[in-house]
Amino acid sequence: PWTCEKAWRQSTPGCGRLMRRSASVDPATESSGAREGAGRQGSRAVVIKPPGSWSSLEIAELWQYRELLSFLSWRDVLIRYKQAVLGVAWAVLNPLVTMVVFTVIFGMLLGVQSGGDVPYAVFSYTALLPWNLFAGGLSRGSTSLVARANLLTKVYFPRLVIPLSSVFTGVVDFAIAFAMLLILMPIFGVPYTWAMLWVPLLTVFCIVTSLAASLWLSALNVLYRDVQYIVPFFVQLWMYLSPVIYPVDQVPEGIFRTVYSLNPMTGVIQGFRWAILGEQRPGYLMLVSLAVVVVLLLGGLYYFKRMERNF
């Protein structure tokens with residue numbers, strides 16, 4: 001078999017990247033007339049076959065479409081804040097107002113403690129950073145394929161680009177909200193530590209967790225539109241099952257805490273609090289959460305590719 005190098009230009013306005021798709025053509029089945037016509041025009045015929053149920057994941061192909069991925073992600077950011085009066089200030093107001101509400105209701109009225117000397121306001125804000133990144137990516141990613149159905153039917157590109165771009169959109173909000181945390185820490189008397197150098201790696205872990213869940217839900221949403229109505233309730237319930245409002249120490253040790261660590265966001269949030277606030281290392285909680293994320297991600301990738309023929 002020989003490989004065709006012909007390229008299609010992306011039809012999305014503003015994106016001028018030439019996207020190439022290699023396809024195999026069987027010379028035995030190709031007619032001589034088609035060969036001669038292709039030779040005269042200086043091009044070759046291309047046959048695009050639907051992927052098999054458990055075909056190769058073709059992860060390396062995503063690198064060829066990295067410009068499309070960045071374009072779609074940045075476009076979502078611009079569209080979101082284009083006609084907003086406060087603009088990107090919403091990236092700070094969202095976790096900041098939620099922090100105030102949590103501090104008043106849970107910290108003052110209900111007496112929930114941070115589990116250390118850290119003020120409850122910074123304690124809750126630190127957890128809200130990875131949680132908002134995860135929840136926003138999951139909400140956008142789960143409906144991304146249906147929302148961009150018109151783009152999927154116009155031009156070929158790896159379908160994984162769609163949920164990936166939806167998840168990556170939240171990185172901008174995360175960076176702005178994290179800058180506010182750096183301002184709040186000296187105000188509340190929380191010192192900076194060298195462990196904060198782990199924050200970029202923990203952020204990647206959070207993004208991968210959101211992507212792993214989005215792959216399952218986005219593919220299911222194409223077949224069952226009920227998913228888009230279940231996701232908001234699912235995200236809200238997931239927050240209460242994660243150590244956002246309360247510390248992990250309030251979960252009984254032993255089998256209960258081990259089962260609790262099966263929630264991948266347990267390791268993510270506890271990792272952020274360790275890196276930023278100097279709390280106890282997540283230890284085996286991080287290892288269990290990491291193992292769960294790896295299983296969810298690999299399963300989600302294979303399931304996504306299997307269902308790709310439906311979209």
Side-chain angles (χ1 to χ4, degrees), residues 21-22 49-66 68-69 72-73 130-131 133-146 148 152 156-171 174 198 200-224 227-228 230-231 234-235 237-238 241-242 258-272 282-311:
R21 170 68 171 171
S22 297
K49 298 180 180 180
S53 298
W54 298 98
S55 61
S56 173
L57 295 178
E58 299 180 350
I59 301 299
E61 189 182 22
L62 290 174
W63 180 251
Q64 302 177 12
Y65 295 85
R66 59 189 181 277
L68 174 63
L69 176 61
L72 292 177
S73 300
W131 175 255
L133 177 61
F134 167 80
L138 179 60
S139 300
R140 292 185 300 269
S142 60
T143 58
S144 58
L145 293 177
V146 175
R148 290 174 172 165
L152 294 174
Y156 171 80
F157 59 90
R159 283 4 185 185
L160 280 172
V161 169
I162 297 298
L164 268 173
S165 63
S166 300
V167 173
F168 287 164
T169 302
V171 176
F174 174 84
W198 285 92
L201 185 59
L202 292 169
T203 303
V204 173
F205 185 23
C206 183
I207 294 174
V208 173
T209 304
S210 181
L211 175 63
S214 298
L215 291 176
W216 288 93
L217 294 177
S218 61
L220 284 172
N221 191 43
V222 174
L223 300 178
Y224 310 103
V227 173
Q228 61 185 335
I230 298 175
V231 167
F234 179 67
V235 170
L237 179 63
W238 199 334
L241 295 176
S242 303
T258 302
V259 173
Y260 184 74
S261 64
L262 293 177
N263 175 6
M265 288 305 296
T266 300
V268 174
I269 294 174
Q270 191 63 18
F272 267 84
Y284 78 94
L285 294 177
M286 179 67 74
L287 296 178
V288 175
S289 298
L290 181 61
V292 173
V293 170
V294 170
V295 173
L296 283 176
L297 180 62
L298 293 179
L301 287 171
Y302 277 107
Y303 180 73
F304 190 90
K305 293 296 292 185
R306 183 182 182 181
M307 301 301 295
E308 196 175 45
R309 62 180 64 189
N310 297 316
F311 43 87

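Applying the side-chain contact (heavy atoms from CB on, under 4.5 Å) criterion to L69, with sequence neighbours excluded, gives S73, V161, L164, S165, F168. Shown here are the side-chain contact (heavy atoms from CB on, under 4.5 Å) partners of S144, two or more places apart in sequence or in another chain: I162, P163, S166, S218. With sequence neighbours excluded, the residues that form a side-chain contact (heavy atoms from CB on, under 4.5 Å) with T143 are N221, Q228. Considering only residues two or more places apart in sequence or on other chains, F234 meets the ring pair (Phe, Tyr, Trp, His ring centres under 6.0 Å) condition with W238. For T209, the side-chain contact (heavy atoms from CB on, under 4.5 Å) test picks out F134, F205, P264, M265, V268, V293, with sequence neighbours left out.
Between the side chain of S214 and the backbone N or O of G141, no donor-acceptor pair lies under 3.5 Å. Without hydrogens or angle criteria, S261 side chain to T258 main chain gives a donor-acceptor distance under 3.5 Å.
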Report task. For L301 and L160, run side-chain contact (heavy atoms from CB on, under 4.5 Å): C-alpha distance rounded to whole Å, both residues' side-chain angles, the deciding distance at 0.1 Å, then the answer. Result -> CA-CA 9 Å; L301 287 171; L160 280 172; 4.0 Å; yes

Requested in this report: Could you walk me through whether M307 and V222 pass side-chain contact (heavy atoms from CB on, under 4.5 Å), step by step?
Outcome: CA-CA 9 Å; M307 301 301 295; V222 174; over 6 Å; no

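Taking CZ from F174 and OG1 from T169, the interatomic distance works out to 15.0 Å, rounded to the nearest 0.5 Å. Interatomic distance, L215 CG to L145 CG, rounded to the nearest 0.5 Å: 9.0 Å.
Geometric assessment of R159 against the ring of F157 yields a positive cation-pi assignment under the 6.0 Å and 45° thresholds.
Side-chain contact between S139 and V235 is present, with at least one heavy-atom pair separated by less than 4.5 Å.
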